[in-house]
K.L.:
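The structure's right below; bear with me while I get my questions together.
Position 1 is the first residue of the sequence, and the numbers go up from there. It should be emphasised that the depicted structure is a prediction, and the values quoted were computed from it without experimental measurement. Every number for a ligand or one of its atoms is a count from 1 in the order of the listing.
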Amino acid sequence: MKYSIEYARQQDSDDRLAHFRAKFHLPRGSDGSESIYLCGNSLGLQPKSAESYVLQEIEDWKNLGVEGHMKARRPWIQYHEYLNAGMAEIAGALAPEIIVMNTLTVNLHLLMVSFYRPTSARYKILIEANAFPSDRYAVRSQLRFHGFDPDEGLIEAGSESAEQTITTEKMLDLLREHGDQISLILLGGVNYYNGQAFQLREICELGREKGCIIGYDLAHAAGNIPLHLHDWGVDFAVWCSYKYLNGGPGAPGAAFIHERHLHRSDLQRFHGWWGNDIAVRFDMLDRMQPSKTAEAWQLSNPPILSMAALLASLEIFQEAGIGNLREKSVKLTAYLEFLLKQISTDHFRIITPENSVERGCQLSLRLAQPNSEIMGDLRDRGVVCDWRAPDVIRIAPVPLYNSFQDVYDFVDILKDVLSE
Ligand SMILES: *Cc1c(COP(=O)(O)O)cnc(C)c1O
């Protein structure tokens with residue numbers, strides 16, 4: 001019987017990734033019991049190894065001072081390189097296409113400097129109607145920066161459905177109709193609100209055929225769904241690493257620039273010394289000699305302490321394997337969906353698509369009677385998840401550290417809380 005704690009426990013004992021949970025610190029409630037943490041889409045948990053990675057740099061700084069650049073156990077001078085292979089695997093990219101730097105919105109602007117090059121005939125930007133606000137602010141400010149009216153230049157792919165999902169077919173129709181006016185397509189890989197995953201390959205294919213630049217914001221996709229940015233031919237992508245990637249609060253973000261752009265000399269780009277080719281980076285030349293990798297977009301020397309925590313997490317991802325994680329994730333989220341459907345649907349509707357190809361691990365529940373107090377009740381019972389006004393609860397069982405029992409316990413508690 002699927003709807004039983006015994007079934008959930010059996011799934012956990014059959015789970016080849018179950019031991020990864022022990023590599024993370026689970027927050028505890030005031031009574032000392034482990035929380036049911038379903039909020040990895042907002043801030044991922046701390047890998048237990050992160051502390052020693054950060055301490056190593058603290059110690060090397062203490063003992064070596066400036067010499068740590070060359071003599072730290074992991075020399076700081078090339079620290080960003082240590083993160084490259086792990087991040088490239090997550091993105092489905094070649095190592096030279098990836099750079100870990102800055103934070104998401106900063107990287108989005110830096111890449112729009114290079115890739116949003118509007119002309120009077122083609123200047124529009126396509127986003128999804130329920131895009132994350134920071135993305136909307138960023139593209140509107142870019143339109144204004146280039147002298148266009150943001151209300152006129154921004155196309156928001158909307159949805160008539162209550163779920164606010166935007167079908168791939170609808171997106172493709174929009175491109176067929178307006179593609180020749182669109183300069184940049186900027187989409188979230190997985191929508192932060194309803195958890196919908198776009199068919200990134202199809203959209204990229206038609207978008208490029210129409211002559212648009214394709215940029216993806218993978219904040220909710222990186223570490224959640226399989227990505228093949230290189231093979232899909234995406235022009236650029238940006239993401240943060242404090243959500244599913246467990247890099248810690250304010251962790252450095254990452255950027256992808258497709259190989260075909262790396263050798264171009266006609267691209268606009270904002271420059272800083274760290275973007276120089278590694279061979280001359282410290283020669284203090286008067287003129288830049290940009291790297292032929294995504295490193296060319298680096299401006300500054302990176303925050304080593306934050307990168308150390310992220311490195312600890314990326315190594316866990318490499319050990320677990322993205323394919324294995326996705327396989328478990330599909331099962332874990334399907335189990336959450338199954339259990340939710342057993343409890344009365346008078347209380348809520350799941351607004352995330354049912355098809356696993358169109359979602360990552362998150363399910364969003366829209367309450368029939370919006371009441372944010374329910375969050376306090378869940379919190380009191382040890383559940384950590386989040387609320388998006390006016391009426392949505394987001395639940396994200398993360399395959400690295402959540403268990404089938406977490407999912408079972410959550411639904412059990414939700415049922416109680418809703419019937420109170
Ligand atoms: C989380 C998130 C951000 C956050 O941006 P920061 O620059 O990292 O603060 C931006 N866009 C999307 C789609 C997000 O989900």
K.L.:
Applying a heavy-atom cut-off of 4.0 Å, say which part of L108 lies close to ligand 1: side chain, backbone, both or neither.
P.N.:
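Neither part.
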K.L.:
At what distance is the nearest protein heavy atom to atom 3 (C) of ligand 1, and which residue and atom is it?
P.N.:
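Minimum-distance protein heavy atom for atom 3 (C) of ligand 1 reads F132 CE2, 3.4 Å.
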K.L.:
Would you check whether T103 has a nitrogen or oxygen atom less than 3.5 angstrom from a nitrogen or oxygen atom of ligand 1?
P.N.:
no
K.L.:
Under a plain distance cut-off of 3.5 Å, with no hydrogens placed, do N41 and H220 share a side-chain donor-acceptor pair?
P.N.:
no
K.L.:
Report yes or no: do E315 and S313 form a side-chain donor-acceptor pair below 3.5 Å?
P.N.:
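No.
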K.L.:
I need the nearest protein heavy-atom contact for atom 14 (C) of ligand 1: residue, atom name and distance, please.
P.N.:
K243 NZ, 2.9 Å
K.L.:
Taking the six-membered ring for Trp, are F236 and W297 ring centroids under 6.0 Å apart?
P.N.:
no
K.L.:
Only heavy atoms of T105, strictly under 4.0 Å: list the atoms of ligand 1 that pass.
P.N.:
5 (O), 6 (P), 7 (O)
K.L.:
Show me which atoms of ligand 1 lie under 4.0 Å from any heavy atom of H220.
P.N.:
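This gives 15 (O) as the contact atoms.
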K.L.:
Do N191 and E128 have side-chain N/O donor and acceptor atoms under 3.5 Å apart?
P.N.:
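There is such a pair (donor and acceptor under 3.5 Å, judged by atom type) between the side chains of N191 and E128.
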K.L.:
Checking Y123 against E152: is there a side-chain donor and acceptor pair closer than 3.5 Å?
P.N.:
yes
K.L.:
As an exercise, identify every atom of ligand 1 less than 4.0 angstrom from a heavy atom of D135.
P.N.:
10 (C), 11 (N), 12 (C), 13 (C)
K.L.:
Assess, by modelled atom type and distance only, whether the side chains of H271 and R269 contain a donor and an acceptor separated by less than 3.5 Å.
P.N.:
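Note: H271 and R269 side chains meet the donor-acceptor criterion.
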K.L.:
To which protein heavy atom is atom 9 (O) of ligand 1 closest, and what is the distance rounded to 0.1 Å?
P.N.:
Y242 OH, 3.6 Å
